[in-house]
Amino acid sequence: MPYLVLLIKILIMCVFAIATRGTLPRYRFDQFTQLNWKHFIFIWLGFLIFSLVFYTFWF
């Protein structure tokens with residue numbers, strides 16, 4: 001029985017990975033770098049500020 005549960009979990013993860021890989025766009029390196037500088041840097045800075053405020057006031 002535990003092997004069946006493990007097999008089902010692996011199958012679900014494989015289907016999820018294949019579906020995600022097939023539906024999301026594939027970026028070239030230069031597109032990914034441009035996307036990183038335009039969007040992800042601000043998300044990272046926001047998370048950094050949130051973490052600093054959280055640790056300052058709650059710990």
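For the single chain, residues carry numbers from 1 onward in sequence order. Just so it is clear, the model here is predicted, and its values are computed rather than measured.
Looking only at distances, no side-chain donor or acceptor of Gln34 sits under 3.5 Å from a matching main-chain atom of Gln31.
A pairwise comparison of heavy atoms in Phe42 and Trp37 identifies CE1-O, 4.2 Å as the closest pair. Of all the heavy atoms in Arg21 and Arg26, the pair that sits closest is O-NH2, 3.1 Å.
Val5 and Tyr3 fall into different hydrophobic clusters, where Ile, Leu, Val, Met, Phe, Trp and Tyr side chains are chained together by heavy-atom contacts under 4.5 Å. Connection of Phe16 to Ile8 is not established within any shared hydrophobic cluster, with ILVMFWY side chains joined at heavy-atom distances below 4.5 Å, either directly or through further cluster members. Criterion: ILVMFWY side-chain heavy atoms under 4.5 Å apart, direct or through other members. Under it, Leu52 and Trp44 are part of a common hydrophobic cluster.
To the nearest 0.5 Å, atom CD1 of residue Ile12 and atom CG of residue Leu7 are 10.0 Å apart. Interatomic distance, Met1 CE to Leu6 CG, rounded to the nearest 0.5 Å: 12.5 Å. Leu4 CG to Leu11 CG: the interatomic distance, rounded to the nearest 0.5 Å, is 10.5 Å. One distance of note links CE of Met13 with OG1 of Thr20; it measures 8.5 Å at 0.5 Å rounding.
Here the options are Tyr55, Phe57, Phe50, the test is side-chain contact (heavy atoms from CB on, under 4.5 Å), and the partner is Val53; only Phe57 passes.
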